[in-house]
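Worksheet for the structure shown next.
Labels below follow one simple rule: chain letters A, B, ... track the order of the sequence lines, proteins then strands, and each chain is numbered from 1. Just the heavy atoms: all of them, side chains too, but no hydrogens, waters or symmetry mates, feed the values below. Everything quoted here is computed from the prediction, not taken from an experiment.
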Amino acid sequence: MKERIFVENINVGYLEKEIILYGFIESIRKLGSLTFFYLRDGTGKVQAFFNKENLDEKTYNTVEKLRVENIVRMKGILKERPKDQQLRITKGEYEIEGSQLTLLVQGDVPPFEIEKLDSINESIRDKYRYFALRNEKIHNKIVFRSKITQYIREYFYSKDYLEIETPYLIKSTPEGARDFIVPSRNFKGKFYALAQSPQLLKQLLMGSGFEKYFQIARCFRDEDLRSDRQPEFTQLDMERAFIEKDEIFEEIESMFSYIFKRLDLKLELPFERMTYDDALEKYASDKPDLRNPLLIENYNIHFKNIEVNFIQDKLRNNENIRGICTNKLFSRSQIKKIEGLLKKQGSSGLLTLSKDNDEFNFTLGKFVDEKFYESFSLNNNETIFFQVGKNNENILNFLRHYLGEQLGSSKEDFRFLWVVDFPLFEEDGSGGYKASHHPFTSPIDIPAFMGKEEFSHIPSKAYDLVLNGSELASGSIRINDLAVQKKVFDVLGMNEELQNNRFGFFLDAMKFGLPPHGGIALGIARIAAMLLGDTSIKDFIAFPKTTSGACPLTNSPSNVSRDQLDDLGLEIGRKNGN
RNA sequence: GGGGGCGUAGUUCAACUGGUUAGAGCACCUGCCUGUCACGCAGGAAGUCGCGAGUUCGAAUCUCGUCGCUCCCGCCA
């Protein structure tokens with residue numbers, strides 16, 4: 001008995017020979033006694049046809065019964081197709097004249113047409129996800145992601161890293177994201193949490209002498225979703241002992257270089273670097289998209305002497321006048337539209353200054369003189385968009401993006417960027433502090449930090465890797481000194497008891513000594529999505545959740561039985577719905 | 001928690017200011033068809049207008065509530 005061959009392996013060597021294929025039926029065309037279709041297997045598509053005249057009755061009856069998405073085995077002779085007939089499917093230059101057909105499975109009529117998946121409603125696609133995944137485009141995204149994972153493993157193994165698993169059922173530590181909690185049967189009334197990341201455990205591994213660790217780890221965070229965020233997601237998690245951040249940057253750059261090489265893509269090294277402060281100042285974002293060349297500038301000094309009350313009030317109130325200069329003139333209605341969009345983002349208004357045929361046009365034109373205009377050294381056909389405000393980065397960021405799109409900034413390149421020196425803490429809005437990365441991040445200047453009483457702007461050794469405006473990775477050099485760690489916990493408002501309660505095991509480990517260490521974690525689905533130019537990660541996950549965190553395919557979350565609850569010593573108290 | 005968009009046949013959409021029996025493409029079913037590849041032609045079946053109230057002589061359409069999908073803000077150490 002002859003062996004099956006895969007569509008991708010079809011080649012001239014099989015011409016005029018009998019081959020056996022397995023797969024799914026797509027796009028049937030019946031023309032009397034001729035029946036054409038595409039046969040699709042896991043590797044591609046090829047056209048096949050059956051001619052009634054040359055078939056035995058049994059095969060003919062099977063061909064007559066054939067429906068789209070049926071699962072078959074077929075035997076036939078491989079033929080070359082005339083040049084003018086070839087199609088852009090995987091093996092367009094070939095076709096198979098079938099002689100035998102076995103209908104392995106004839107399922108129900110499909111819930112939608114696979115080829116039209118792009119326009120099918122998300123809820124339908126998700127409910128029949130296994131079916132949607134037959135679509136070539138999504139199928140290939142899952143394949144692509146698998147390749148990325150493979151290359152990452154290849155890279156780290158080649159560099160002598162150990163892949164070590166850490167538990168998913170761990171102790172709940174309510175810092176950071178909300179935990180998914182898991183009740184314990186043996187310890188009734190107590191709970192595990194699903195790991196938000198392997199953070200503390202990988203740090204402990206550093207203390208165990210595993211100096212080069214990596215893991216492709218699932219992370220669970222019970223927070224609201226976005227198109228680039230799922231409640232469970234996979235990270236490449238890595239950590240090394242005796243290392244500083246430049247070495248981590250080099251390692252990750254070298255890893256991407258390897259991935260790009262395997263994908264036959266070009267990549268320039270090293271990646272650009274920018275401090276967090278610069279990123280906010282020039283791009284109003286801690287993850288700037290460098291494909292957009294527009295920069296934000298501070299124009300306070302130009303407005304210092306103009307006689308407009310609301311401007312002076314705002315400047316006295318420590319608000320800033322920041323703006324973006326573009327080499328284009330905008331119509332009144334375009335500007336009105338932009339102002340409307342900005343207001344939706346929370347802006348209180350929009351000022352513009354432009355120069356057309358040496359004539360200046362400024363929103364507050366009647367309140368300013370020549371000196372004001374001269375201070376800008378504006379060229380003809382340029383327009384500056386101003387925003388007045390404080391902590392209005394989201395508005396400026398929106399404006400920069402919008403103007404970038406209007407001016408047609410490139411969508412093609414891969415612009416990697418390290419954003420460094422994130423602040424150690426952020427104000428939490430109620431007089432306290434919260435960790436801006438996580439509480440295990442080392443300050444840059446430890447002695448200075450240990451002496452401080454005020455913690456607003458302490459630069460830390462935390463860094464992000466940004467690609468085209470999307471955060472791909474986040475990491476830091478960690479604290480490995482007990483006193484420093486305890487002081488961070490203090491600043492976060494945790495008293496001694498709480499520290500021991502939540503992180504006692506970790507503080508103990510520190511007492512016995514953790515080497516200096518640091519690492520980083522990269523979102524795998526995001527990498528795959530970004531490399532293909534997608535903003536949503538959903539298609540890179542075989543069975544994703546909806547934006548409410550539900551799974552329409554399996555209908556989770558769902559109720560559990562009385563018995564299950566009894567086993568766990570649980571009772572449903574307050575609840576919404578049924 | 002807040003804001004925007006959406007929900008009508010298996011599916012994608014239409015149905016004006018409320019007004020006869022809610023339409024169309026694709027898919028599906030039947031028949032014809034030897035080079036199709038968005039095959040073509042003829043015919044057919046197919047609907048709890050997301051769900052629940054309300055207004056009205058009359059609701060897919062208006063009002064209120066509710067559920068779901070999606071995008072964004074908050075949130076995501």
Check: A:N392 side chain, A:I395 main-chain N or O, donor-acceptor pair, under 3.5 Å: no
Opposite nucleotide pairing with B:G68, Watson-Crick or G-U, both atom distances under 3.5 Å: B:C6
For B:A46, the Watson-Crick or wobble counterpart (both distances under 3.5 Å): none
Span that lies between the C1' atom of B:G19 and that of B:G44, in whole angstrom: 30 Å
Sugar-phosphate, base or nothing in reach of A:F37, heavy atoms under 4.0 Å: nothing
Sugar-phosphate, base or nothing in reach of A:I120, heavy atoms under 4.0 Å: sugar-phosphate
Base paired to B:U63 (Watson-Crick or G-U; both N/O distances under 3.5 angstrom): B:A53
Residues, nucleotides or ligands: over 12 heavy atoms within 6.0 Å of A:Y128 OH: no
Sugar-phosphate only, base, or nothing, as touched by A:I124 at under 4.0 Å among non-hydrogen atoms: sugar-phosphate
Touch class at under 4.0 angstrom, heavy-atom based, for A:K30 against every strand present: base
Sugar-phosphate, base or nothing in reach of A:E122, heavy atoms under 4.0 Å: sugar-phosphate
5'-most by nearest nucleotide on RNA chain B - A:F36 or A:A435: A:F36
Pair A:S456, A:E427: side-chain N/O donor-acceptor within cut-off below 3.5 Å: yes
Sugar-phosphate only, base, or nothing, as touched by A:Q196 at under 4.0 Å among non-hydrogen atoms: nothing
Sugar-phosphate only, base, or nothing, as touched by A:E115 at under 4.0 Å among non-hydrogen atoms: nothing
Base partner of B:G35, which must satisfy Watson-Crick or wobble distances under 3.5 Å: none
Sugar-phosphate, base or nothing in reach of A:E95, heavy atoms under 4.0 Å: base
Electrostatic pair A:D56:A:K58 at N-O distance under 4.0 angstrom: no
Touch class at under 4.0 angstrom, heavy-atom based, for A:P111 against every strand present: sugar-phosphate
Base B:C37 to side chain A:R81, donor-acceptor N/O within 3.5 Å cut-off: yes
Enclosure of A:N495 CG (heavy-atom neighbours >12, cutoff 6.0 Å): yes
Closest-nucleotide 5' rank along RNA chain B - winner of A:K545 and A:P82: A:P82
Sugar-phosphate only, base, or nothing, as touched by A:D222 at under 4.0 Å among non-hydrogen atoms: nothing
Sugar-phosphate, base or nothing in reach of A:Q345, heavy atoms under 4.0 Å: nothing
Sugar-phosphate, base or nothing in reach of A:T35, heavy atoms under 4.0 Å: nothing
Sugar-phosphate, base or nothing in reach of A:S119, heavy atoms under 4.0 Å: sugar-phosphate
Pairwise C1' distance, B:A60 and B:G47 [rounded to whole Å]: 11 Å
Pairing partner (Watson-Crick or G-U wobble, both distances under 3.5 angstrom) of B:C13: B:G23
Sugar-phosphate, base or nothing in reach of A:K538, heavy atoms under 4.0 Å: sugar-phosphate
Donor on one side chain, acceptor on other, A:N292 and A:E405, under 3.5 Å: no
No-H, no-angle donor-acceptor pair, A:N121 side chain to B:G7 base, under 3.5 Å: no
Nearest-Å distance once atom C1' is located in both B:A24 and B:G18: 23 Å
Any-strand Watson-Crick or G-U partner of B:C75, both distances under 3.5 Å: none
